[in-house]
2 protein chains.
Amino acid sequence: MSTIGFAPHDHASCVADTMQRAESHCADQGLRLTPVRRRALEILLAEHRAQGAYDLLAVLAAEGMGAQPPVAYRALDFLVKAGFAHKIEALNAYIACAHLGECQMPAFLICRACRSVAEADTAPTRNRLNDAARAAGFAIERTVVEAEGLCPSCQDAAA
Amino acid sequence: MSTIGFAPHDHASCVADTMQRAESHCADQGLRLTPVRRRALEILLAEHRAQGAYDLLAVLAAEGMGAQPPVAYRALDFLVKAGFAHKIEALNAYIACAHLGECQMPAFLICRACRSVAEADTAPTRNRLNDAARAAGFAIERTVVEAEGLCPSCQDAAA
DNA sequence: ATATCGAATGTTATAACATATCAATACGCC
DNA sequence: GGCGTATTGATATGTTATAACATTCGATAT
């Protein structure tokens, strides 16, 4: 279980790798990584933090790529459906997926102070919930697991 | 692990019991269950479904208990802080707690069609996420576990 | 080359969710 | 009664998200 996000790392290659994988995933699946979608993914990838749809929109607008909310929401929809990004429900914000595509049931550690997010992959977490669902005859389609708190550096800042 | 919510039950006594327990919990803790707060809890309890703040507000307003958003949000804040209600992040909506107060780490099964919600108590789910958090030096304050899908009756309706 | 069809984008408007702020009132306590 | 805090009332505004419809772009088939 990796929790990229709070630790320093080679971010330039982290971004480049992911864009590369996104490209080939789209080629494989017949998806179209259009300029707006591509740029949206780059913007999300630029930081390991949750960004609001309107934050994204502000950047796109500044670059002349559409100035209305639907532009941002459509790009985000595409990225989420393709598995390139996740919505952080607790913040109503979005983040690039750290495991591009290969991500079954993501779980997030979310700093409420700086909005940085680490992504873990916690498939086993599912069991108890699956048991409950089966017992109730409920068909799970998507699971949200989010832990809110303080990341190491915001804990230090608070001290 | 009980998953009240999808199955029929004696709802009148389910509501009455909960109100009773809320009363005594407030008495114990020195909390004030004012008319607006009491009524808000009743409204949430009336259905085992998530209700939006503005749905709640509409009912309160119809009964002459305040017509502005802050009225609803303040009541909801109180109920959530007291442990009488939960926010369903995936819906931006609210639901009465099924285990009044005694609820450590709630987990929800949420029907995307009818918004009915079952609450399970899945403390063990926590472990994997706790491990990841400890490893990353992250301090968890709150955990959200929500499964979206279709409840038994909406599955039947779709078939 | 061009007609056609579906996907993607542009644009306007509005819906839905949430909070800041400040004034007025109610409540518990001395 | 007088005081301080918690609660409510009211106005305004901020933030997140979608509906609806027109237009453009790209691939395909003729």
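Only a predicted model underlies this, so the values are computations on that prediction, with no experimental measurement involved. Each chain gets a letter, A, B and so on, in the order its sequence line appears, and its residues count up from 1.
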> Which heavy-atom pair separates B:Pro106 from B:His86 by the least distance, and what is that distance?
Replying inline: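 Looking at all heavy atoms of both residues, the closest pair is CG-CE1, 3.8 Å.
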Can you tell me if [X] touches the phosphate of [N], counting only side-chain N or O atoms and a distance under 4.0 Å to OP1 or OP2?
| X | N | value |
| --- | --- | --- |
| B:Tyr54 | C:dC17 | no |
| A:Asn92 | D:dA17 | yes |
| B:Arg37 | D:dT8 | yes |
| B:Tyr94 | C:dA18 | yes |
| A:Tyr73 | D:dA17 | yes |

Check your understanding: If only atom types and distance count, is the side chain of B:His11 paired as donor or acceptor with the main-chain N or O of B:Leu45 below 3.5 Å?
Key ->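 Pair found, side chain donor or acceptor close to backbone of B:Leu45.
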[X] has a side chain; which of [options] sits nearest to it?
| X | options | answer |
| --- | --- | --- |
| A:Pro70 | D:dT18, D:dA10, C:dA18 | D:dT18 |
| B:Val71 | C:dT11, C:dT9, D:dG9 | D:dG9 |
| B:Lys87 | C:dT12, C:dG10, C:dA18 | C:dA18 |

With heavy atoms under 4.0 Å as the rule, sort A:Arg74 into base, sugar-phosphate or nothing.
->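 Contact class for A:Arg74: base.
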Just the rounded figure in Å: distance from [atom2] of [N] to [atom1] of [X].
| X | N | atom1 | atom2 | value |
| --- | --- | --- | --- | --- |
| B:Leu76 | D:dT7 | CG | P | 15 Å |
| B:Gln68 | C:dC17 | CD | P | 18 Å |
| B:Leu57 | C:dT19 | CG | C1' | 14 Å |
| B:Met65 | D:dA10 | CE | P | 14 Å |
| B:Ile88 | C:dC17 | CD1 | P | 14 Å |

Any side-chain heavy atom of B:Val145 within less than 4.5 Å of one from B:Phe108?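 Of all side-chain heavy-atom pairs linking B:Phe108 with B:Val145, none is under 4.5 Å.
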### Message
Looking at B:Asp77 and B:Arg74, is any side-chain nitrogen of the basic one under 4.0 Å from a carboxylate oxygen of the acidic one?
### Response
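Salt bridge: no.
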A:Gln29 CD: over 12 foreign heavy atoms closer than 6.0 Å: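 Atom CD in A:Gln29 is packed in, count exceeds 12.
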**Item:** Residue closer to the 5' end of DNA chain C, A:Phe78 versus A:Pro69 (nearest nucleotide)
**Value:**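 Nearest nucleotide further toward 5': that of A:Phe78.
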